Amino acid sequence: MQQPKIALFDLDGVLLNTEPIYDLFWNEASKRYGLGIDNFARLIKGTTLPYIMKKYFSGYSEEFRQQVIRESNAYEETMPFPPMPGSLEFLRMLKEHGVRTGLVTSSTASKMERVFSQLPIEKQFDTIVTADRITRGKPDPMCYLLAAKDLNVDPADCLVFEDSFNGIQAGTDAGMRVIGLSTSNPAESLRDKVYEVIPDLQGKTFEDYLRWSV
């Protein structure tokens with residue numbers, strides 16, 4: 001029997017139900033900063049803070065960009081980290097079946113320290129790729145390729161769980177199979193971009209994982 005693929009998970013919108021919390025900050029911030037971009041939060045989902053600064057705030061002064069960064073970090077430090085339905089159970093089930101797993105997130109290492117202090121999941125991962133380890137964030141595939149390199153596996157032997165368009169593109173461009181979670185975007189908008197669309201990980205079985213990965 002062929003071995004199942006390595007499981008690589010995005011964090012926000014896949015394992016954690018934090019995207020609505022981020023939406024509140026960035027959509028309000030877009031108006032407050034005068035960006036004039038409707039639904040700004042959806043546009044930047046899955047990307048790193050340096051990417052956001054470079055792409056959308058390059059015309060602002062360094063002082064202003066640093067202010068945005070400070071406000072974003074301050075907001076993040078007050079956030080709760082509620083798990084997505086079924087996510088922690090699914091992760092635990094994979095480990096019980098001997099599947100190697102990785103966390104591939106645009107979050108910083110400092111944020112992950114806060115997450116792990118609230119949720120005891122750090123030891124569930126065989127590798128963790130944060131924004132601090134890369135120079136090009138999603139939608140660039142660098143983060144997923146680094147995870148494959150960490151685990152000494154071919155990218156084609158990895159199965160990615162993503163919710164954002166930027167994350168899906170990163171996983172796809174890395175040459176990996178992607179399962180799309182319709183937690184941040186409508187299922188219809190994901191279907192032509194991923195191997196399969198699911199609402200979340202609740203109730204998903206090891207048989208489901210084998211079907212996706214073999």
Side-chain angles (χ1 to χ4, degrees), residues 4-23 25 41-42 44-49 76-77 79-97 99-134 137-139 143-144 146-148 150-151 158-171 174 176-185 187 190 194-206 208-209 212-213:
K5 295 180 184 292
I6 305 294
L8 301 179
F9 294 89
D10 175 47
L11 181 69
D12 298 293
V14 173
L15 297 179
L16 301 184
N17 190 18
T18 44
E19 290 295 2
I21 304 172
Y22 279 113
D23 289 354
F25 174 80
R42 176 173 291 185
I44 62 173
K45 282 186 188 300
T47 64
T48 64
L49 193 53
E76 196 173 75
E77 287 176 0
M79 285 175 52
F81 300 112
M84 288 293 296
S87 62
L88 303 189
E89 294 82 358
F90 185 77
L91 182 61
R92 193 177 307 118
M93 177 195 67
L94 292 186
K95 298 307 293 182
E96 289 172 353
H97 282 85
V99 176
R100 288 197 290 167
T101 63
L103 179 66
V104 183
T105 175
S106 296
S107 301
T108 62
S110 59
K111 173 188 168 182
M112 293 314 305
E113 289 180 6
R114 294 192 296 274
V115 172
F116 293 144
S117 71
Q118 295 185 32
L119 298 172
I121 60 174
E122 183 174 8
K123 292 183 179 179
Q124 299 277 38
F125 300 108
D126 297 287
T127 185
I128 298 174
V129 177
T130 63
D132 310 77
R133 295 189 61 199
I134 57 174
K138 302 172 186 178
C143 53
Y144 281 111
L146 179 56
D150 285 348
L151 298 173
C158 297
L159 182 67
V160 169
F161 293 87
E162 272 282 1
D163 66 305
S164 71
F165 294 129
N166 289 308
I168 289 169
Q169 183 178 335
M176 302 176 179
R177 182 176 293 175
V178 181
I179 301 298
L181 279 71
S182 57
T183 54
S184 301
N185 298 287
L190 304 178
V194 298
Y195 184 76
E196 188 171 316
V197 179
I198 58 176
D200 53 41
L201 294 167
Q202 189 170 30
K204 297 299 179 285
T205 65
F206 189 59
D208 290 320
Y209 187 79
W212 296 329
S213 69

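Keep in mind that this is a model prediction, so the values were computed, not measured.
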Closest contact, heavy atoms only, Pro199 versus Thr183:
O-CG2, 3.2 Å
Would you call Phe90 and Phe206 a side-chain contact if the rule is heavy atoms closer than 4.5 Å?
no
What is the distance from atom CE of Met93 to atom OH of Tyr209, rounded to the nearest 0.5 Å?
9.0 Å
Between Met176 and Leu8, the two heavy atoms sitting closest are SD-CD1, 3.8 Å
Considering all heavy atoms, the nearest Ser164-Gly46 contact
OG-CA, 3.7 Å
I'd like to know whether Thr108 forms a side-chain contact (heavy atoms from CB on, under 4.5 Å) with Thr130, so could you lay out the CA-CA distance, the side-chain angles of the two residues, the decisive distance to 0.1 Å, and finally the verdict.
CA-CA 6 Å; Thr108 62; Thr130 63; 6.0 Å; no
Nearest atoms (heavy-atom pairs only) where Phe116 meets Ile128:
CZ-CD1, 3.7 Å
Side chain to side chain donor-acceptor pair (under 3.5 Å) partners of Glu196, counting only residues at least two apart
Arg211, Trp212
Donor-acceptor contacts under 3.5 Å from residues 11-22 side chains, at least two apart:
unit_1: Asp12; atom_1: OD1; unit_2: Thr18; atom_2: OG1; d: 2.3
unit_1: Asp12; atom_1: OD1; unit_2: Lys111; atom_2: NZ; d: 3.1
unit_1: Asp12; atom_1: OD2; unit_2: Ser107; atom_2: OG; d: 3.4
unit_1: Asp12; atom_1: OD2; unit_2: Lys111; atom_2: NZ; d: 2.7
unit_1: Glu19; atom_1: OE1; unit_2: Lys45; atom_2: NZ; d: 3.3
unit_1: Tyr22; atom_1: OH; unit_2: Glu76; atom_2: OE2; d: 2.6
unit_1: Tyr22; atom_1: OH; unit_2: Lys111; atom_2: NZ; d: 2.7

Flag the pair Ile134 / Val129 as yes when at least one side-chain heavy-atom distance between them is below 4.5 Å, and no otherwise.
yes
For Leu94 and Phe9, run side-chain contact (heavy atoms from CB on, under 4.5 Å): C-alpha distance rounded to whole Å, both residues' side-chain angles, the deciding distance at 0.1 Å, then the answer.
CA-CA 12 Å; Leu94 292 186; Phe9 294 89; 3.8 Å; yes
So how far is it from Arg114 CZ to Met79 CE, rounded to the nearest 0.5 Å?
8.5 Å
With sequence neighbours left out, write down each residue that passes side chain to side chain contact (heavy atoms under 4.5 Å, CB included) with Ala170, or none if nothing qualifies.
Lys138, Tyr144
Minimum heavy-atom distance between Val99 and Pro4, given as atom pair plus value:
CG2-CG, 4.3 Å
Nearest 0.5 angstrom please: Asp10 CG to Leu181 CG, how far?
9.0 Å
Residues Asp150, Arg100: salt bridge by 4.0 Å N-O rule
no
How would you list, by chain and number, every residue that makes a side chain to side chain contact (heavy atoms under 4.5 Å, CB included) with Arg177, sequence neighbours excluded?
Lys5, Leu159, Tyr195
Excluding sequence neighbours, so at least two apart, what forms side chain to side chain contact (heavy atoms under 4.5 Å, CB included) with Gln202?
Pro85, Asp200
Can you find a pair of side-chain heavy atoms, one from Val160 and one from Ile179, that are under 4.5 Å apart?
no
Pairs touching residues 81-94 that satisfy side-chain hydrogen bond (donor to acceptor under 3.5 Å, both in side chains), sequence neighbours left out
none
To the nearest 0.5 Å, tell me how far Gln118 CD sits from Glu113 CD.
13.0 Å
Quick check: do Thr101 and Ile6 have side-chain heavy atoms less than 4.5 Å from each other?
no
Scanning both residues in full, the closest heavy-atom pair of Asn166 with Ile44 reads ND2-C, 4.1 Å
Going through the distances and angles, do Ile121 and Leu88 end up as a side-chain contact (heavy atoms from CB on, under 4.5 Å)?
CA-CA 8 Å; Ile121 60 174; Leu88 303 189; 3.8 Å; yes
Under 3.5 Å: donor-acceptor pair, side chain of Asn185, backbone of Ser182
no
Side chains of Arg133 and Thr127: closer than 4.5 Å at any heavy-atom pair?
yes
When rounded to the nearest 0.5 Å, the distance separating OG of Ser106 from CG of Leu49 is 10.5 Å
Looking at side-chain heavy atoms only, is the closest gap between Phe161 and Leu201 below 4.5 Å?
yes
